[in-house]
Amino acid sequence: MKEPRMRATIDQEKQQVRERVWDLLDASSAVLDTTAHGRIPNFKGSETAAERLAALKPWHNARVIKAVPDKAQLPVRALALAEGKTVFMAVPKLADSRPFYLLDPAVLSVPPQEAASSKIAATVAPRVDVADLQPVDMVVVGSVAVNRAGVRIGKGAGYSDLEFAFLMEAGLISDRTVVVSTVHSLQVLDEDLPATDHDFGVDLIVTPDEVIFCPSPHRPAGLVWEHLDAQKIASIPVLAARASAKRR
């Protein structure tokens, strides 16, 4: 029972960090929504951060990008599609047996800025399985908080970690894949942050003001099944299918 209690403590510590950062962003009027609380912050300056990312060599080298569907990363997705990069992002809550939307700029029926919207992507992009995807050159994630060592804290749902684990197990993410988080400068903390074995770290942090290179961030080898409860497994078709196969 020691490990579950330890993870519960880490979860509490993460939530304390989230609340502190959300409060700071709201007090500084640093987000475009009415509040930062309960979500990946849609921070002011996200377009500038995207442009700063687009000036980097890893971006120029990337042809396939896995991106989160959050509003803060919409400018990154739009730039990627406008530059002819293939983008894929997860179906909400991974609640489909084909859990990703595949955005191929060569066949899009709407302009990149529209296709980059998660709502429009759901209507114009095909849903695909992990087996239908290409190796990933860059992963773009949102964060609530991140430190200069590359440890990140998301909003707490855990879906980004699961998506990352799926792609690691499928061999689509490798040591060459660059993991990036675009955030407001107030989300970058100069302190140690709590993390578990299933959390992945980032190689690059890009704010509207600077680019931070993170040394040797943690990457899990794949799914950490003992960290998943039965309800979470049952709610995600890809997980449920794998769990069933494991039992046979």
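What's counted below: heavy atoms across the whole structure, side chains too, no hydrogens, waters or symmetry copies.
- Two residues are said to be in side-chain contact when any heavy atoms from C-beta on lie closer than 4.5 Å; Val178 and Val139 fail this criterion.
- When side chains are defined from C-beta on, Ile212 does not count as touching Leu204, because their heavy atoms never get closer than 4.5 Å.
- The ring pair (Phe, Tyr, Trp, His ring centres under 6.0 Å) contacts involving residues 46-105 comprise Phe88-Phe100, where partners must be two or more places apart or lie in separate chains.
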With a cut-off of 3.5 Å and sequence neighbours excluded, list every side-chain donor-acceptor pair involving residues 69-76.
unit_1: Gln73; atom_1: NE2; unit_2: Thr182; atom_2: O; d: 3.1
unit_1: Gln73; atom_1: NE2; unit_2: Thr182; atom_2: OG1; d: 2.9

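- Nearest heavy-atom pair across Ala78 and Pro112 is O-CB, 3.8 Å.
- Residues passing the side-chain contact (heavy atoms from CB on, under 4.5 Å) test with Ser174, sequence neighbours excluded: Arg176, Thr177.
- Pro105 and Leu81 get closest at one heavy-atom pair: CB-O, 3.6 Å.
- At distances below 3.5 Å, at least one donor-acceptor pair connects side-chain atoms of Thr207 with backbone N or O atoms of Glu210.
- Here the straight-line distance linking atom CD of Glu169 with atom CG of Leu172 works out to 11.0 Å at 0.5 Å rounding.
- A search for salt bridge (Lys or Arg N to Asp or Glu O under 4.0 Å) contacts involving Asp190 returns Arg148, not counting sequence neighbours.
- At a threshold of 4.5 Å between non-hydrogen side-chain atoms, the residues Met89 and Val68 do not count as touching.
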Yes or no on side chain to side chain contact (heavy atoms under 4.5 Å, CB included) for Val17 and Leu193, after CA distance, side-chain angles and deciding distance? CA-CA 8 Å; Val17 173; Leu193 292 177; 4.1 Å; yes
Give every donor-acceptor pair under 3.5 Å between a side-chain atom in residues 115-122 and any protein atom, sequence neighbours left out.
unit_1: Ser117; atom_1: OG; unit_2: Lys119; atom_2: N; d: 3.4

Please test Ile173 against Arg219 for side chain to side chain contact (heavy atoms under 4.5 Å, CB included), starting from the C-alpha separation and ending with a verdict. CA-CA 10 Å; Ile173 290 177; Arg219 293 194 182 186; 4.0 Å; yes
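- A continuous path of hydrophobic side-chain contacts links Val211 to Val140 [ILVMFWY only; heavy atoms under 4.5 Å].
- Across all non-hydrogen atoms, the minimal contact from Ala125 to Leu102 is CB-O, 3.4 Å.
- Annotation: the span from Asp161 atom CG to His198 atom NE2 amounts to 5.0 Å, rounded to 0.5 Å.
- Here the OG1 atom belonging to Thr86 is positioned 9.0 Å from the CG atom belonging to Leu103, to the nearest 0.5 angstrom.
- Here the NZ atom belonging to Lys85 is positioned 5.0 Å from the CZ atom belonging to Arg63, to the nearest 0.5 angstrom.
- A salt bridge (charged side-chain N to carboxylate O under 4.0 Å, His left out) check over residues 12-22, counting only residues at least two apart or in different chains, returns the pairs Lys14-Asp199, Arg20-Glu191.
- When all heavy atoms are compared, the tightest approach of Asp26 to Ala36 is OD1-N, 2.8 Å.
- Grouping the Ile, Leu, Val, Met, Phe, Trp and Tyr side chains by contacts below 4.5 angstrom, directly or via other members, places Met138 with Val206.
- Side-chain contact between Val141 and Val180: absent, with no pair of heavy atoms (C-beta onward) separated by less than 4.5 Å.
- A donor-acceptor contact shorter than 3.5 Å is absent between the side chain of Arg152 and the backbone of Val144.
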What do the steps show when you test Lys44 against Ser29 for side chain to side chain contact (heavy atoms under 4.5 Å, CB included), and what is the final call? CA-CA 9 Å; Lys44 293 178 180 178; Ser29 299; 4.2 Å; yes
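- Of all non-hydrogen atoms in Ala54 and Glu83, the two that sit nearest each other are CB-OE2, 4.3 Å.
- The list of ring pair (Phe, Tyr, Trp, His ring centres under 6.0 Å) pairs with a residue in residues 17-40, not counting sequence neighbours, reads Trp22-His37.
- When the side chains of ILVMFWY residues are joined at heavy-atom separations under 4.5 Å, either directly or via intervening members, Val64 and Val179 end up in a single hydrophobic cluster.
- With Val146 as the partner, the side-chain contact (heavy atoms from CB on, under 4.5 Å) test is satisfied by one option alone out of Val202, Leu189, Val151: Val202.
- Each salt bridge (charged side-chain N to carboxylate O under 4.0 Å, His left out) pair with one or both residues in residues 123-135, not counting sequence neighbours, appears once here: Asp96-Arg127.
- Here the straight-line distance linking atom CG of Leu53 with atom CD1 of Ile205 works out to 12.5 Å at 0.5 Å rounding.
- Every pair passing ring pair (Phe, Tyr, Trp, His ring centres under 6.0 Å) that includes a residue from residues 142-183 is listed here, sequence neighbours excluded: Phe164-Phe200.
- From Ile153, atom CD1 reaches atom CD of Gln15 across 9.5 Å, with rounding to the nearest 0.5 Å.
- The two atoms that bring Val21 and Ala145 nearest to each other are CG2-CB, 3.9 Å, heavy atoms only.
- For the pair Pro208 and Arg52, the minimum side-chain heavy-atom distance is 4.5 Å or more.
- In this view, Pro217 and Asp203 satisfy the side-chain contact (heavy atoms from CB on, under 4.5 Å) rule, not counting sequence neighbours.
- Counting heavy atoms from C-beta outward, Leu167 and Val130 have side chains that approach closer than 4.5 Å.
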Would Arg98 and Val91 count as a side chain to side chain contact (heavy atoms under 4.5 Å, CB included) here? Give the steps. CA-CA 8 Å; Arg98 294 169 297 166; Val91 170; over 6 Å; no
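- Under the rule for a side-chain contact (heavy atoms from CB on, under 4.5 Å), the partners of Ala30 that lie at least two apart in sequence or sit in another chain are Leu25, Ser28, His184, Leu186.
- The side chain to side chain donor-acceptor pair (under 3.5 Å) analysis of residues 102-113, with sequence neighbours excluded, yields no pairs.
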